[in-house]
Every structure is written in C-alpha cells, then in structure tokens.
Protein chains: 2
Amino acid sequence: MLTERQLLILQIIIDDFIRSAHPVGSRSLAKKKGISFSSATIRNEMADLEELGFIEKTHTSSGRVPSEKGYRFYVDHLLSPEKVSHKEIKRINDLFTEIYEMEKVIQNAAKVLSELTEYTAIVLGPTVEDNKLNRFQIIPLNAETAIAVIVTNKGHLEHKLFSLPKSVNSSDLEKTVNILNERLVGMPILELQSKLINEVVTLIKENVHNYEAMLRSLLDVLSVPSNEKLYYGGKTNMLKQPEFQDIEKIQGIMSLMEEENDFYQILKQTPFGIHVKIGSENKIPVMDDCSLITATYSIGEEQVGTIAILGPKRMHYSKVISLLNLLSKNMTVTLTKLYDL
Amino acid sequence: MLTERQLLILQIIIDDFIRSAHPVGSRSLAKKKGISFSSATIRNEMADLEELGFIEKTHTSSGRVPSEKGYRFYVDHLLSPEKVSHKEIKRINDLFTEIYEMEKVIQNAAKVLSELTEYTAIVLGPTVEDNKLNRFQIIPLNAETAIAVIVTNKGHLEHKLFSLPKSVNSSDLEKTVNILNERLVGMPILELQSKLINEVVTLIKENVHNYEAMLRSLLDVLSVPSNEKLYYGGKTNMLKQPEFQDIEKIQGIMSLMEEENDFYQILKQTPFGIHVKIGSENKIPVMDDCSLITATYSIGEEQVGTIAILGPKRMHYSKVISLLNLLSKNMTVTLTKLYDL
DNA sequence: TTTTAGCACTCATCTAATGGGAGTGCTAAA
DNA sequence: TTTAGCACTCCCATTAGATGAGTGCTAAAA
C-alpha cells in the first residue's frame with residue numbers, strides 16, 4: 001500500500017508529465033508547491049515507486065516517467081474530475097440544436113470533440129442490427145430499373161438500385177411488395193434473409209411469374225449492410241503529440257485508422273459506460289503508446305454506439321473523461337428523443 | 001529549342017530521379033546505356049539545361065533534380081505511355097464485376113487505385129446537381145415521425161427523418177405528397193426549394209391544415225445536401241514517399257485531406273479528360289511538393305465525377321496516367337450501363 | 001568548334017570527441 | 001527519518017575531421 005506522500009508524489013509526477021511530456025526529476029518536483037521535503041527525500045520515494053512499478057526511468061540518470069501500471073493507478077485512484085468550461089459545454093450543446101440529421105450530428109460530434117480535446121475522436125454510428133422491419137418498398141424508376149427500400153422501426157433506411165427482370169410487370173411488383181410486407185414487417189432485419197428464403201419464397205412463387213430473378217435481386221437488397229460507420233475527427237491531431245514525431249509510429253496508427261476494421265471491432269465490443277484502455281491493454285501492438293477512452297450512447301435503454309478518444313498514453317484523462325461523459329449523455333438524450341420510436 | 005541530346009539527358013535525369021529520388025550526377029548518367037559521351041560533356045549540357053530552368057541543384061555540388069518546369073516539359077513532351085499489366089487490368093475490371101452498389105464501387109476503386117499506384121487516390125462521387133425529381137414520398141413511422149424520401153431520375157435517393165406536426169393527419173400527408181409529385185416531378189432538384197416556396201405553397205395551403213410546420217420540414221428535406229462525397233484510398237501512402245518524411249509536410253497534406261473542402265473544390269472544377277497539375281500549379285502552398293493527376297468519368301455523355309491521384313512531384317506519371325485512363329473509362333462504361341436511365 | 005581529361009573546390013553526411021546539464025544513487029551527518 | 005553533498009551516468013548539442021559524390025573551369029585532344 002502506498003503512503004500519502006507516495007500518492008502525492010506519484011500524482012504530481014503524472015500530472016506534470018501529462019502536461020509537459022518531459023521526465024520529472026526530483027529537484028523540479030521539490031520546488032512544486034505543496035512539497036515540504038527535499039529532493040533527496042523525493043529521490044528515495046521515487047526509488048520505491050519505481051520498485052513498485054509505477055514509474056520508470058528512460059535511462060540511468062533521467063527523471064521519472066509514469067509506467068503503464070502508473071497510469072492505470074492514476075486513472076483508477078488519483079483522477080480529480082475536471083470541470084468542463086462553459087465554452088466547451090456550449091460547443092457540445094450546439095451540436096444538437098440546429099441540425100437533426102443523424103449522420104451530420106455524429107460527424108460534427110467527432111469533429112468538435114477532437115477540437116476540444118486536441119486528440120483524435122472516433123465515433124461508431126448507431127447499430128441497426130436489432131432494428132425491425134417497418135416497411136418494405138419498391139420504387140420503379142423505369143422499365144428496367146427500380147429501387148428497393150427498407151425502413152426499420154428506428155427510422156433507419158437502406159436502399160438499393162436493382163435491375164428488373166424483363167418479364168416482371170408492375171402487378172407482379174405490387175404483389176411481391178404486398179406479400180413481403182405482410183410477412184416480414186416486424187421481423188428483426190438480421191433474420192429477413194433467412195425468413196425470405198425459408199417461408200416467403202413459396203408464397204411469391206405461387207403469385208408471381210418469374211419469381212427467381214426477382215428474388216435474387218430482393219435477397220441482395222435484404223442482405224442489410226451493417227451501416228454502422230466509423231466517423232473520425234482530428235486524425236491529424238496525433239501528429240501534434242511529441243510522442244508521435246516518428247514516421248513509423250505515425251504510419252502504424254494512421255494505417256490502423258484507415259483500415260477501420262480494428263477500431264470497428266474495438267468500439268463495437270465496448271461495454272456500457274466510460275472505459276479507459278492504456279497502452280498495451282489495447283492488445284494491438286501499434287497502440288502500445290496510445291490510450292483509448294470509450295463512452296457508449298444509447299437510444300432509450302438500448303446501447304447503440306460508442307464515442308472514443310484516441311490519444312497518447314500521456315493523455316489528459318480527466319478532461320477527456322469529463323467531455324466524453326457530457327457528450328455521450330447529450331447524445332443519448334437527443335437520439336432518444338428522435339429515434340426511440 | 002532543346003537539342004536531341006539535351007532532350008535525351010533531360011529525360012534520363014527525370015526518369016532516374018523519379019525512380020530513385022536521388023539527385024542525378026553527370027558521372028552516373030554517363031554510365032547509362034544509350035550514352036556515348038563523357039561526363040564532362042554531360043556537365044556542360046546540364047549547365048545549359050539548368051540555365052533554361054529545366055533542372056536544379058539542391059546545393060552547390062549536388063547532382064541535378066528536375067524543376068517544376070522540367071516536370072511540366074517531361075509530362076507534355078517526353079512521356080512514353082506505359083503499358084498496364086494484365087494483373088492490374090484484372091484488378092480494375094474486377095471492381096465492376098461483383099458489386100453493383102455505387103458507393104461501394106467508388107470506395108473500392110479508390111482503394112485499388114491507391115494500391116496499384118502506391119500513391120493516394122481521391123474519388124469524387126457522382127454529382128446529383130442536374131438530376132431531376134423522379135418521385136417524392138413520405139413514409140410514416142408512427143404518429144409523430146415520418147421519413148421523407150426523394151428519388152431522382154438517375155436513381156439517387158435522399159431521405160430524412162422529420163417530426164410530424166401534431167395536427168397533420170394521414171389524409172393531409174397524402175394530399176401533400178400528391179401535390180408535390182404533381183407539381184415537382186421532372187424538376188431539377190436544385191430548383192426544388194424555390195419552386196416549392198414560390199409556386200406550390202399556395203396549393204398546399206389551400207388543401208392542408210397546418211401547412212406551415214409541415215412545409216418547414218419538407219423544405220428541410222428538399223434542401224438537397226450535395227451528396228458528392230470524397231472517397232480516399234491509401235492516405236498513408238504519402239508517408240512512404242521519401243519527400244514526406246517531415247512531420248510538418250505530412251501534417252499539411254493530411255490536414256488538407258481531412259478538411260476535404262479544398263480537394264472537393266479542385267476535383268469539382270476539373271475539366272474533362274486527364275490532367276496533370278504539378279507542384280505550385282495546384283495553387284495551394286502545402287501542395288507545392290505534390291502533383292495531382294485527375295481524370296473524369298461520366299454517365300452517358302455527362303461528366304459526373306472525378307478520380308484523382310495525389311503523389312509527390314516525383315510521381316510515376318506515365319503509369320498513373322495509364323491506370324487513371326483505364327479506370328475512368330471502365331467507370332464510365334459501368335455507370336452508364338447502370339445509371340443512364 | 002566540340003569533346004574530353006584533369007583538377008581544385010563545395011557541400012552533405014558520417015563518425016568521433018568534447019563539454020555541459022539534468023538527474024540519479026549512495027553515504028554520512030543533522 | 002530527513003537532508004546535504006558528491007561522484008557518477010547518460011543525453012544532447014556542438015565541433016572537428018574524413019569521406020565521397022558531384023560541380024565548374026581550363027587546357028588539351030579530336
């Protein structure tokens with residue numbers, strides 16, 4: 001167990017390092033206000049803290065730097081919640097006053113968040129997996145082409161252009177649409193495809209000429225692409241951090257962001273609430289120097305998406321957590337109002 | 001006017017520099033096959049080429065590097081068209097065989113193009129500006145919410161969730177939809193808004209209770225967001241180039257890409273066909289070290305979008321031009337087949 | 001007149017040496 | 001238990017050579 005003084009010293013070291021990015025030495029620490037003991041004493045305490053694994057040296061005679069364990073302890077026990085300024089509150093609230101388009105709101109949220117934190121923001125758009133079919137529709141464009149549209153109970157819309165088989169006439173189309181709506185409305189969209197194949201096919205077969213070509217197209221439409229995109233804000237903020245002045249590192253992180261899949265998986269699997277992953281806790285080698293803070297947002301009671309901040313391990317944790325907290329709550333309120341149908 | 005020998009030397013210098021990124025000296029040039037004169041002679045010729053502004057030195061005793069004027073001359077007069085390999089042809093053709101969804105096709109095109117060139121690909125999605133309204137539709141979700149949908153004659157679909165004013169009933173909705181379709185179908189979507197305000201308002205006013213709240217929502221929907229997005233591929237390829245090992249430069253370019261607006265403007269205003277802009281010709285300071293090659297694609301006769309490759313000035317021009325040529329043509333053919341309705 | 005060999009000179013880059021500064025660990029005294 | 005003092009370590013910035021690729025110029029050769 002750490003003594004009061006060790007806690008104080010550890011806290012100051014980490015706070016200081018987060019601010020300055022420079023290793024913290026005993027002498028400079030001794031000059032801090034609130035410190036009434038000498039640098040030699042601090043050196044002794046530092047040696048102990050190092051032995052316990054909370055801080056490290058970058059070389060034999062350097063100041064101390066927080067270790068991953070140190071950051072973890074700091075985040076879990078030493079964090080003093082930071083007040084969000086009025087200006088920041090306003091920026092976040094403004095996100096939800098003007099525009100009401102989901103995609104725009106999310107995109108702007110990522111942008112604003114990255115500006116306020118000066119880190120990189122990543123937002124995973126709302127999942128549609130558990131939505132249910134509200135309406136299926138076909139909009140003919142001309143004799144050969146039509147657009148199939150599905151709308152879910154949460155107001156999500158997917159559409160797809162497809163070619164009409166030559167032999168399908170408008171009454172066939174109508175019949176098909178009717179059958180599909182009768183049979184499929186209310187179904188979870190994930191099950192649409194199998195339902196279509198297993199149950200509805202025979203019905204259509206009985207009622208519509210040339211059902212095969214038609215069906216192939218429809219199946220295609222119903223293979224709902226998970227439309228949960230990642231939105232980034234401030235990708236280039238990473239470049240401002242002194243720990244990322246190295247092209248190799250930059251390339252690693254940037255590729256990771258461009259690839260998208262890893263972050264998609266990570267954000268997708270995020271548990272409810274705010275969570276901090278530090279360095280190697282992220283389980284991805286190129287993220288060893290990064291921390292990722294995630295916050296979930298919901299529609300009604302249902303967790304639907306995730307907001308995250310990616311930054312160096314030397315991140316301003318308390319500020320980021322406060323901002324994420326505020327934003328995710330606002331997001332939940334707004335989306336619930338709009339989409340909790 | 002340049003002599004044959006000067007042309008030869010200039011060509012070799014640029015070819016060599018594009019390959020190696022190292023300044024080209026007289027001695028190494030003299031060893032190239034096809035060169036039957038001494039390094040001293042070459043030095044003299046180089047001095048002349050430098051005086052004419054085609055090549056430069058990086059310092060007093062360095063080899064020569066192409067100047068912007070040199071690249072320009074090279075692109076305009078010395079380019080030998082490069083054959084596209086079978087493998088590359090296949091990769092590009094494959095883009096259009098499987099999937100038929102516009103957005104995916106474009107996204108993949110950017111990705112594949114960046115992989116084939118090892119530069120950054122930027123694709124501007126098809127414009128919808130000159131599309132005409134094909135159908136307007138309202139899909140009610142529940143008592144308070146509905147989705148407005150517009151479909152254009154080119155198969156483009158826009159939708160937006162909006163709140164139904166309390167007093168609007170389903171017959172009002174139906175009437176409104178009918179009136180709008182009667183009056184607006186066939187209109188260029190750019191004009192929809194003004195048409196709605198100027199002409200159709202009175203009609204709706206006469207037929208629908210509480211038309212104001214309704215209209216406000218609809219206006220909102222009809223303010224068609226120009227959906228012409230930019231798609232990037234291989235943003236991080238920029239980091240591989242030896243001329244971009246400098247964080248400052250990287251940051252400049254990356255920010256430019258993230259901001260999107262500049263590239264949107266540039267690609268939007270691209271003239272038909274393939275064009276090369278070298279360094280400062282791009283008129284944007286951070287692009288002084290970049291070249292941008294653009295190619296347009298069309299639906300039918302109508303130019304609708306642009307594909308571009310962004311790379312260092314030391315770009316493999318002939319290869320990129322060949323690939324862009326191939327891709328833009330394929331793109332035009334495919335889109336025309338699908339969307340020239 | 002054109003081409004070439006020769007030579008002095010320039011500049012980037014690499015390596016090694018040097019000195020200062022920040023910081024540490026240890027010891028012995030307060 | 002705390003502190004002052006001191007030797008020691010390592011980073012970092014600077015300097016000094018040494019090397020090598022390349023140039024411009026001159027004078028001789030073709």
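Every chain is numbered from 1, with letters handed out A, B, ... down the list of sequences. Bear in mind that the values here come from a model prediction, so they are computed numbers and not experimental data.
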query: Nearest nucleotide by nearest heavy atom, which residue falls closer to the 5' end of DNA chain C, A:Ser62 or B:Thr41?
result: B:Thr41
- request: Between B:Asn44 and B:Thr58, name the one whose nearest nucleotide on DNA chain C is closer to the 5' end.
  value: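 Looking at DNA chain C, the more 5' nearest nucleotide goes with B:Asn44.
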Think [X] has a side-chain N or O under 4.0 angstrom from the OP1 or OP2 of [N]?
X: A:Arg64; N: C:dA22; value: no
X: A:Thr60; N: C:dT24; value: no
X: B:Lys57; N: D:dG24; value: yes
X: A:Ser38; N: D:dT2; value: no

Proximal nucleotide (of [options]) relative to the [X] side chain:
X: A:His59; options: D:dT3, C:dT10, D:dC10; value: D:dC10
X: B:Arg43; options: C:dT3, D:dG24, D:dC10; value: D:dG24
X: A:Ser61; options: D:dC10, D:dT2, C:dT4; value: D:dC10

query: In whole angstroms, how far is the C1' atom of C:dT3 from the CD1 atom of B:Ile42?
result: 12 Å
message: Please tell me whether A:Asn237 and A:Lys240 have a donor and an acceptor in their side chains that are separated by less than 3.5 angstrom.
response: yes
message: Just to verify, which of A:Tyr119, A:Tyr317, A:Tyr71 counts as forming a side-chain hydrogen bond (donor to acceptor under 3.5 Å, both in side chains) with A:Ser291?
response: A:Tyr317
Contiguous Watson-Crick or G-U pair runs (3 or more, under 3.5 Å) in DNA chain C: C:1-30 with D:1-30
Within residues 6-34 of chain A, residues whose heavy atoms come under 4.0 Å of DNA chain D: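 By residue number: none to list.
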task: For B:Arg91 and B:Glu115, run salt bridge (charged side-chain N to carboxylate O under 4.0 Å, His left out): C-alpha distance rounded to whole Å, both residues' side-chain angles, the deciding distance at 0.1 Å, then the answer.
output: CA-CA 10 Å; B:Arg91 292 267 339 246; B:Glu115 283 170 14; 2.8 Å; yes
